[in-house]
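Encoded as structure tokens, the structure appears first; notes follow it.
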Amino acid sequence: MTSIWSTADDTVTRPPLPPGQRHDVVVVGAGLTGLVTALLLAEAGRDVVVVEGRRIGVGTTGLSTGKVSLLQSTRAGRIAEHCSLDALRTYLDANRAGQRWLLDYCASHAVDVQHRAAITYAQTAAAGDDIRAEHEITRAAGLPTEYVHELDTPFPSFGGVRLPDQAQLDPMAVLLALAADLDARSIPIYESTRVQGVGWEPRGDHLVRTDQADLRAGTVILATGAPILDRGGFFARLTAQRSYLSAFRVGEPIPGEMFISADSPTRSLRTVPAEDGELLLVGGNGHEVGRAENTTELVEDLVDWTQRVLPTAEPIAHWSAQDYTPVGELPYAGPLLPGSDRILIATGYAKWGLTNGVAAALALAGHITGATPAWAPVFTTWRPPALHAITSTASANTAVLQYLTAGWLSGMRGDEPDDRPAEGCGRVRRQGLRPVATATVDGVTTSVSAVCPHLYGVVRWNSAEKSWDCPLHGSRFAADGSVLEGPATRSLMP
Ligand SMILES: Cc1cc2nc3c(=O)[nH]c(=O)nc-3n(C[C@H](O)[C@H](O)[C@H](O)COP(=O)(O)OP(=O)(O)OC[C@H]3O[C@@H](n4cnc5c(N)ncnc54)[C@H](O)[C@@H]3O)c2cc1C
């Protein structure tokens, strides 16, 4: 599954981390959060370096839908309900700052942006109340939204909330511009360097352990999506949500605005400028990572839906990505542990990271330089948990426990004939007492331990992406066991 954004020359790679380095700030992760944080710190004259486990853009940013919007489905209603109207206003201030920074950056670095209205719409009459509620709460929080009773859409719609003058872009183009900017300032970005742990050095530095070399750091910023260090317990305060995107060539008029449905299954649409007209991007069918029965069906369902509403739609690309939803609704940007300022994290953007990720970067850089934005406390990593957050954390962790148990029991079930899985298939079976994951991809059958090295969940086969996905906290691995993403820092054992 390959995105339409990945048009950059794939053969150009950056070197891995060489030994013997020390930097004041080590940013882990070359997604939007990491690169913007590094740039802000470089502009402030700090000694900073970026360390990326794979390649720039292979994380969520480079696979996103590319909407830069303050109207974010029905998030405003959820934040106001679970936190407060004041918290929502401050959240929007943060997102406004993130949006402004990103659009200014694009304007000054020749990154193409299309200004479009954002619309959250009801797919069914039953979601009409959610739309009206989102309209009221966004107005109360100061967004100039309007309620649209009837939308002119080729798909079923029952009204929507509209916010004019939002934006859409190619997220990979943004990352490449940021990387070029860092290059111009001689800020190194090391690729193919996975951070596996952070310890203390006698002189007060951190020792960052990677699969290439160790490096010393004054401050470490984990801009890795899910934080890769378990102290702080953020894995238990997030759920990993995966969803799917398909791009289509369409031979009939397509709506030019950016749409997202309020109700499930989510449908998110936007256009993309292309040489021979515009493409249509359709996203949706999200689920918790590793918990969908058949991911191939979810991709097919998105295509079926699109072809039902636009019969000329011809799919040209499919891909998917994941992001982390915080149980307390508000994202986190700040210290990993209370009272300690030298390991910072940013996560929990709930699929709205193009504004939240930049805002988090502004907050983290401000934390280091002393210029903290007024809205930054809304992203605090250590707030007293609201009652609903305690309940949500408990239910998220009950589900984790159920998947942990079910995984081990099914991994242990009966002896099966030792035949090779068919091409593109994978299965978990018992060898002695150990669950073993075996998959066949491109004619090669590989067996690896089925036990996720993060917190010992038993991985499940993702047929759409030919990967092993952990249903506990969203770690993912290639068919050969090598780590792809999530909180795990090590591969599945051979
Ligand atoms: C399907 C989908 C569509 C989306 N569409 C939108 C949208 O239209 N608008 C919007 O605002 N948001 C959208 N989002 C959300 C947004 O893309 C993310 O919130 C945002 O990109 C996260 O940025 P990041 O820098 O935190 O993470 P990432 O972009 O994932 O970057 C993290 C980087 O850290 C690296 N890394 C991880 N672990 C290690 C390690 N141990 N060592 C070294 N490096 C490591 C990864 O390889 C990765 O490159 C979408 C999300 C999804 C899933």
Side-chain angles (χ1 to χ4, degrees), residues 3 5 16-17 26-38 50-73 75 95 98-99 102 118 166-169 171-172 174-175 178 189-198 208-212 220-229 240-246 258 260 266 268-270 281 283-286 289 319-325 331-333 345-361 364 454 474-476 483-490:
S3 107
W5 307 132
L17 175 75
V26 171
V27 174
V28 186
L32 187 64
T33 309
L35 293 184
V36 175
T37 306
V50 181
V51 176
E52 163 57 43
R54 296 168 71 202
R55 305 274 305 279
I56 293 170
V58 298
T60 307
T61 307
L63 300 171
S64 71
T65 319
K67 296 178 179 176
V68 187
S69 175
L70 300 182
L71 180 64
Q72 303 175 347
S73 180
R75 266 193 80 58
N95 275 257
Q99 186 190 51
L102 186 58
Q166 303 305 292
Q168 59 182 31
L169 44 68
M172 204 56 209
V174 177
L175 293 183
L178 287 164
I189 304 172
Y190 296 113
E191 290 187 330
S192 308
T193 303
R194 186 159 294 278
V195 172
Q196 295 182 316
V198 179
V208 180
R209 288 187 300 275
T210 83
D211 58 0
Q212 298 293 329
V220 179
I221 296 181
L222 300 179
T224 49
I228 52 162
L229 299 180
Q241 300 280 341
R242 196 141 193 101
S243 49
Y244 301 83
L245 283 157
S246 293
M258 302 185 293
I260 188 161
T266 302
S268 172
L269 296 92
R270 62 160 281 193
L281 216 63
N285 282 353
V289 176
W319 69 98
S320 78
Q322 71 193 44
D323 204 17
Y324 300 88
T325 299
Y332 304 110
I345 60 134
T347 187
Y349 310 145
K351 297 187 189 166
W352 294 101
L354 299 195
T355 48
N356 277 299
V358 177
L364 294 180
H454 176 232
S475 294
R476 295 183 57 246
V483 61
L484 295 173
E485 63 186 314
T489 58
R490 287 166 203 277

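We count ligands from 1, going down the list as the structure has it; atoms in each ligand are counted the same way. The shown structure was predicted, so the numbers you read here are calculated from the model rather than taken from an experiment.
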* To do: Determine the minimum heavy-atom distance between V50 and A30, stating which atoms define it.
  =>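 Heavy atoms only, the tightest pair is CG1-CB, 4.0 Å.
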What's the spacing between T224 OG1 and I345 CD1 if we round to 0.5 Å?
->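 So the gap between those two atoms works out to 8.5 Å.
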Set out, in order, the CA-CA distance, both residues' side-chain angles and the distance that settles side-chain contact (heavy atoms from CB on, under 4.5 Å) for R75 and W352, then state yes or no. CA-CA 9 Å; R75 266 193 80 58; W352 294 101; 3.3 Å; yes
Check whether any side-chain heavy atom of [X] lies under 4.5 Å from a side-chain heavy atom of [Y], and answer yes or no.
| X | Y | value |
| --- | --- | --- |
| Y190 | P16 | no |
| V51 | V208 | no |
| V195 | V220 | no |
| L269 | L281 | no |
| Y244 | W319 | no |

Next on the checklist: I'd like to know if G357 contacts ligand 1, where contact means a heavy-atom distance under 4.0 Å to any ligand atom.
Outcome noted: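 So G357 does not count as touching ligand 1.
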| message | Is it true that T60 and K351 share a donor-acceptor pair across their side chains at a distance under 3.5 Å? | response |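 Short answer, no.
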*With a 3.5 Å cut-off and no angle check, do the side chains of T355 and Q72 form a donor-acceptor pair?*
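Indeed, the side chains of T355 and Q72 share at least one donor-acceptor pair under 3.5 Å.
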Between [X] and ligand 1, find which residue part has any heavy-atom pair under 4.0 Å and reply side chain, backbone, both or neither.
| X | value |
| --- | --- |
| T224 | both |
| T193 | backbone |
| T65 | both |
| A223 | backbone |

Check whether any N or O atom of [X], backbone or side chain, sits under 3.5 Å from an N or O atom of ligand 1, and answer yes or no.
| X | result |
| --- | --- |
| D323 | yes |
| A321 | no |
| G62 | no |
| G53 | yes |
| K67 | yes |
| G34 | no |
| T60 | yes |

Could you tell me which atoms of ligand 1, counted from 1 in the order shown, lie closer than 4.0 angstrom to a heavy atom of [X]?
| X | value |
| --- | --- |
| I228 | 38 (N), 41 (N) |
| Q322 | 53 (C) |
| V28 | 42 (N), 43 (C), 44 (N) |
| Y349 | 19 (O), 22 (C), 26 (O) |
| L354 | 9 (N), 10 (C), 11 (O), 12 (N) |

Closest non-hydrogen protein atom to atom 13 (C) of ligand 1, residue and atom name please, with distance?
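Checked against all protein heavy atoms, atom 13 (C) of ligand 1 sits closest to K351 O, 3.0 Å.
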For atom 17 (O) of ligand 1, what is the nearest protein heavy atom, given as residue, atom name and distance?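 Among all protein heavy atoms, the one nearest atom 17 (O) of ligand 1 is S64 CB, 3.2 Å.
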Among R54, R194, R476, the one residue meeting salt bridge (charged side-chain N to carboxylate O under 4.0 Å, His left out) with E485: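 Passing option: R476.
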- Considering M258, E52, R55, Q72, which one's heavy-atom position lies nearest to atom 49 (O) of ligand 1?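 Considering heavy atoms of M258, E52, R55, Q72, the nearest to atom 49 (O) of ligand 1 sits in E52.
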Exercise. Which residue from L17, V58, V174, T33 reaches closest to atom 25 (O) of ligand 1 through any of its heavy atoms?
Worked result: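 Comparing heavy atoms across L17, V58, V174, T33, the nearest one to atom 25 (O) of ligand 1 lies in T33.
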Would you sort out whether D323 and Q241 count as a side-chain contact (heavy atoms from CB on, under 4.5 Å), showing the intermediate values?
CA-CA 5 Å; D323 204 17; Q241 300 280 341; 5.8 Å; no
request  = Could you list the residues that satisfy salt bridge (charged side-chain N to carboxylate O under 4.0 Å, His left out) with R490, not counting sequence neighbours?
outcome  =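 If we apply the salt bridge (charged side-chain N to carboxylate O under 4.0 Å, His left out) test to R490, skipping adjacent residues, there are no hits.
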